[in-house]
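Worksheet: the structure to be examined is printed underneath.
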Amino acid sequence: MAVDVATELAELKKKVDEMQPGALPKLSMVVFSGDLDKLIAALIIATGAVAMGMQAVLFFTFWGTAALRDPKVNVGGKDFMSKMFGWMLPKGRGKLKLSNMHMAGMGTAMLKDLMRKKNVPSLDQLFEMAAQLGVQIKVCEMSMDLMGFKREELIDYPNKEFCGVATFLADAKESSVQLFI
Amino acid sequence: MAVDVATELAELKKKVDEMQPGALPKLSMVVFSGDLDKLIAALIIATGAVAMGMQAVLFFTFWGTAALRDPKVNVGGKDFMSKMFGWMLPKGRGKLKLSNMHMAGMGTAMLKDLMRKKNVPSLDQLFEMAAQLGVQIKVCEMSMDLMGFKREELIDYPNKEFCGVATFLADAKESSVQLFI
Amino acid sequence: MAEHDAVKVLDLKGLPCPMPVVKISQEIGSIDVGQVVEVHTTDPGSLADFPAWAKSSGNEIVETKQEEGLIRIFVKRVK
Amino acid sequence: MAEHDAVKVLDLKGLPCPMPVVKISQEIGSIDVGQVVEVHTTDPGSLADFPAWAKSSGNEIVETKQEEGLIRIFVKRVK
């Protein structure tokens, strides 16, 4: 009898040990796009996640990093290509366009106006709320280098971190929700 | 005493058996987009995942399949529509455009140049690395048919597999990370 | 003697993401369990990525040194 | 006496998603466990979102009343 219990206990232990840990209530999102409407969606999901009691981490990469530029900051010492890219890319979230119906600025202006009328928080307000709620922002170092952005150029945001794909994957694989926007 | 242990053991066993299996350390990604920048992101995430000790599976569908065409291969026996599509779609990854700032080819050329200068692996190098690391490529049969692509037209890649949505879902539901690009 | 008794140096200078973690994941198997490899990288993202990689792969970052224009990371193979 | 003995009213009229759930998540801590807050919202999405939020955060929707141009949701703090 006692032996049986020991055997069964050992088997059960083995089974439990082999189980993969379940995911955490956590959202990991790649913000690849630099489109205004997609950024609004990303920030609404992230702030909503925190409201739901989840952790939220946003990884800004490629065009997404341009949305993090601070329009008030100018940095020198850039090479020619970086300067070119700097001019071509939107300087901060005030300059972002819609993914759709931008129509030379008219569509984008209309949507912003409509959002104001309908009380939908603006991207600025969403960033502020995200910071308050503790949404984490991590920035792809390779994109920063590629686009020629310097760290001083980015907006102030609490505990902003610079990293690579390994950091995203470490977060993503323990998260119950992952998205690429 | 003995009864208590046996009962508790039986209860514990039942509990363990009813538990949902946790996700595997695995990445399943739908590569829907045929944009150069998004494909670079997809391949970086996939190779990074293998470096992190995960399995990685990429499902190429819709515009993504065009990126898998081998520019050196010409196949005959296509009907009119398939020929049309064949001409209109980019033939291989060398012909892909940016999702943003393509600017009649100038933006795309600039980014490629910049990537070379910054030592960022090109899409070709990323595919090679992915093959070496064992990233799996699965191709949507329906997209192949829709775009009129033949299997012989696609690049050589180890263990390339042709499948449908059920294969993706079987992979995705046991994966800890799923993305749609 | 090499710091932390590192048995080899992995030169990853100039390589951006994802190369540093791909390379360490390929090279870690070339040293014995318990041994240390010294990684040289210029990618600031590696400061966050190597600990993330080590945790995920079950290895250990023994020390990280930031010098002018060079980051040195000492990785011990644990598994 | 307030319905369901609600100890306070949270006025969220005119605020669209994600504000209603963000606000309730911030305000629920201001009442004691067992107490009820009465939420006023004009966002029809809240009819689905509040139960989802309550389930996820471990709280309870005591009652939901739909009136002309106003939704009133009674939320009890459980945790």
Side-chain angles (χ1 to χ4, degrees), chain A residues 17-18 20-24 26 28-32 55 57-65 68 75 77 79 81-82 85 136-154 157-175 178 180, chain C residues 6 8-31 33 36-79:
Chain A
D17 282 343
E18 279 168 359
Q20 297 289 334
L24 301 177
K26 179 172 172 175
S28 295
M29 190 174 351
V30 179
V31 183
F32 172 93
Q55 271 188 75
V57 194
L58 300 181
F59 292 82
F60 283 80
T61 188
F62 272 81
W63 316 107
T65 48
L68 293 179
V75 291
D79 58 29
M81 284 292 275
S82 298
F85 249 68
Q136 282 179 76
I137 285 188
K138 303 194 180 184
V139 188
C140 168
E141 190 65 57
M142 192 264 271
S143 303
M144 292 286 291
D145 191 38
L146 202 58
M147 314 237 164
F149 296 161
K150 304 203 169 176
R151 292 188 180 193
E152 314 89 81
E153 267 181 274
L154 301 196
Y157 190 94
N159 308 315
K160 197 170 53 211
E161 196 185 312
F162 295 86
C163 65
V165 72
T167 304
F168 165 66
L169 285 161
D171 278 295
K173 81 190 181 97
E174 66 176 27
S175 296
Q178 310 102 23
F180 180 102
Chain C
K8 88 198 271 183
V9 171
L10 188 58
D11 183 3
L12 306 178
K13 289 195 291 289
L15 294 180
C17 180
M19 297 316 295
V21 290
V22 167
K23 290 289 184 193
I24 184 66
S25 75
Q26 287 177 322
E27 291 292 328
I28 194 76
S30 72
I31 62 172
V33 170
V36 171
V37 57
E38 178 178 344
V39 178
H40 290 184
T41 171
T42 47
D43 164 38
S46 291
L47 292 172
D49 273 15
F50 271 70
W53 169 82
K55 197 182 162 211
S56 182
S57 65
N59 292 292
E60 193 189 328
I61 306 299
V62 181
E63 201 191 348
T64 301
K65 293 193 174 190
Q66 286 195 63
E67 295 163 11
E68 183 67 27
L70 181 70
I71 296 161
R72 295 195 295 152
I73 306 174
F74 295 85
V75 183
K76 184 193 262 182
R77 180 172 173 197
V78 177
K79 288 222 283 204

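These numbers come from the heavy atoms of this one structure, side chains and all, not from hydrogens, waters or symmetry mates. Chain A is the first sequence line, chain B the second, and so forth, proteins listed ahead of strands; every chain is numbered from 1. In this text the structure is predicted, and so the values were computed from the model without any measurement.
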* Is D49(C) reaching over with its side chain to a backbone N or O of C163(A), donor-acceptor style, under 3.5 angstrom? -> no

* To do: Look at atom NZ of K8(C) and say whether more than 12 heavy atoms of other residues, nucleotides or ligands are closer to it than 6.0 Å.
  => yes

* **Top contributor to chain C interface from V165(A), D171(A), L169(A) [non-hydrogen pairs under 4.5 Å]** => V165(A)

* Asked: Can you tell me if NZ on K23(C) sees more than 12 non-hydrogen neighbours from other groups inside 6.0 Å?
  -> no

* To do: For atom CG of N159(A), decide whether the heavy atoms of other residues, nucleotides or ligands shown that lie under 6.0 angstrom number more than 12.
  => no

* Pick one of side chain, backbone, both or neither for K173(A), based on which atoms fall under 4.5 Å of a heavy atom in chain C. => side chain

* **Leading residue by heavy atom contact count with chain A [cutoff under 4.5 Å; candidates A52(C), C17(C), P44(C)]** => P44(C)

* Asked: Using non-hydrogen atoms only, which part of A170(A) is less than 4.5 Å away from chain C: side chain, backbone, both, or neither?
  -> side chain

